[in-house]
Amino acid sequence: MKVNELAEGLSLECLYEGDGEREVEGCYCGDLLSWVMGRASAGDAWVTIMSNVNVAAVAALADVACVILAEGVEPDEALRGRFERLDCAVFRSGMAAYELAWRIHGLLEGRQE
Amino acid sequence: MDALKLHYDVDGEDFSAAGEASSNVKKVLRQLGFPQEAIRRTAICMYEGEINVVIHAGGGFADVTVEPERITIVLTDHGPGIPDVEKAMSEGWSTAPTKVRELGFGAGMGLPNMKRYSDEFRIDTTVGVGTTVTMTVNVTQGQ
Ligand SMILES: Nc1ncnc2c1ncn2[C@@H]1O[C@H](COP(=O)(O)OP(=O)(O)OP(=O)(O)O)[C@@H](O)[C@H]1O
Ligand SMILES: [Mg+2]
């Protein structure tokens with residue numbers, strides 16, 4: 001499933017467009033950056049409530065397919081300023097990480113049927 | 001290809017710039033056409049090392065040597081050094097201050113990540129003098 005299709009399926013608010021055509025391979029939920037670095041896989045949709053500038057560096061270097069800010073968190077100024085240097089899309093949702101992950105699982109499973 | 005050598009100053013003050021050197025290395029490796037997996041492993045190792053130099057040592061240097069079959073990362077600082085390396089290497093151990101933890105650091109997973117994603121990993125540290133972390137990522141074609 002492509003990033004854009006996922007965003008549409010979850011009614012995500014788009015904060016930065018990035019590469020909407022990229023394939024989403026899975027999902028990782030986490031806020032502690034070294035856990036995300038070490039455990040997220042390339043191509044994951046990364047769900048987090050972290051909203052500072054370091055999110056951009058981690059997203060790029062861990063090579064995730066997109067970032068989804070959960071619980072309606074607001075990215076700070078510095079993070080917004082970094083968006084344009086990202087390859088990946090950034091979204092926001094009012095849903096909690098659990099609900100997002102559960103729905104992403106459903107969408108990705110649906111793809112395989 | 002001759003070995004390509006990259007040198008970076010890692011600013012210890014500026015948190016928003018942390019990750020700049022790692023991002024640049026990633027860009028260079030991409031342009032050179034290295035396999036995705038080697039790029040990703042290098043990016044993870046280098047970022048964790050770079051952030052540690054910023055957070056725990058007040059800045060330092062990064063030297064990266066790029067060869068077709070391996071990428072070598074050396075991070076050097078003149079910070080406080082690490083009194084107990086074994087403890088520092090264990091998952092979950094961290095001395096990161098609260099203000100740094102609020103940014104999402106301080107899980108105590110950085111050094112374990114560096115060891116896990118590199119093929120060779122070495123710490124030389126002296127309390128009161130500084131720390132040098134050396135990592136090698138072997139490049140396997142067709143990854
Ligand atoms: N360059 C360094 N200089 C001095 N101390 C260091 C250095 N690098 C690591 N340490 C020490 O080793 C500990 C563990 O490092 P590690 O990177 O594993 O975790 P962390 O940086 O505290 O948190 P995380 O990396 O998960 O955000 C640090 O908390 C710090 O005490
Ligand atoms: Mg660390």
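Order of the sequence lines sets the chain letters (A, B, ...), proteins ahead of strands, with each chain counted from 1. Bear in mind the structure is a predicted one, so any value in this text is a computation, not a measurement.
B/Val53 and B/Val129 are members of different hydrophobic clusters when ILVMFWY side chains are connected at heavy-atom separations under 4.5 Å. B/Phe105 and B/Trp93 end up in different hydrophobic clusters when Ile, Leu, Val, Met, Phe, Trp and Tyr side chains are linked at under 4.5 Å. When hydrophobic clusters are built by joining Ile, Leu, Val, Met, Phe, Trp and Tyr residues whose side-chain heavy atoms come closer than 4.5 Å, directly or via intermediates, A/Leu32 is grouped together with A/Val73.
When heavy atoms are compared at a cutoff of 4.5 Å, A/Met50 approaches chain B solely by way of its side chain, counted from C-beta outward. With a threshold of 4.5 angstrom between heavy atoms, B/Glu102 approaches chain A through N, CA, C or O but not through any side-chain atom.
Here the straight-line distance linking atom NZ of B/Lys27 with atom CZ of A/Arg85 works out to 8.5 Å at 0.5 Å rounding. Rounding to the nearest 0.5 Å gives a distance of 4.5 Å between CZ of B/Arg30 and CG of A/Asp87.
By number of non-hydrogen pairs under 4.5 angstrom with chain A, the leading residue of B/Gly104, B/Ala43, B/Gly19 is B/Gly104. The candidate from A/Val58, A/Asp31, A/Asn52, A/Val53 with the greatest count of non-hydrogen atom pairs under 4.5 Å with chain B is A/Asn52. Among the candidates A/Ser51, A/Gly81, A/Ala42, the residue making the largest number of heavy-atom pairs closer than 4.5 Å to chain B is A/Ala42.
Nearest heavy atom pair, residue B/Ala18 against residue A/Ala57, reads O-CB, 4.3 Å. In terms of heavy-atom proximity, B/Leu103 sits nearest to A/Leu33 at O-CD1, 3.5 Å. The heavy-atom pair separating A/Ser34 from B/Asn113 by the smallest distance is O-ND2, 2.7 Å.
Dense packing is recorded around CD of B/Glu69, with more than 12 heavy atoms of other residues, nucleotides or ligands lying under 6.0 Å away. Atom CZ of A/Arg39 has more than 12 neighbouring heavy atoms from other residues, nucleotides or ligands inside a 6.0 Å radius. Atom CD of A/Glu17 sits in a sparse spot, with 12 or fewer heavy atoms from other residues, nucleotides or ligands closer than 6.0 Å. No more than 12 heavy atoms of other residues, nucleotides or ligands shown are found within 6.0 angstrom of CD1 on A/Ile49. Within a 6.0 Å radius of CD in A/Glu8, no more than 12 heavy atoms belonging to other residues, nucleotides or ligands are found.
Judged by distance alone, with hydrogens and angles left aside, the side-chain atoms of B/Tyr117 form a donor-acceptor pair with the main-chain N or O of A/Gly38 at under 3.5 Å. At distances below 3.5 Å, not a single donor-acceptor pair connects side-chain atoms of B/Arg40 with backbone N or O atoms of A/Asp63.
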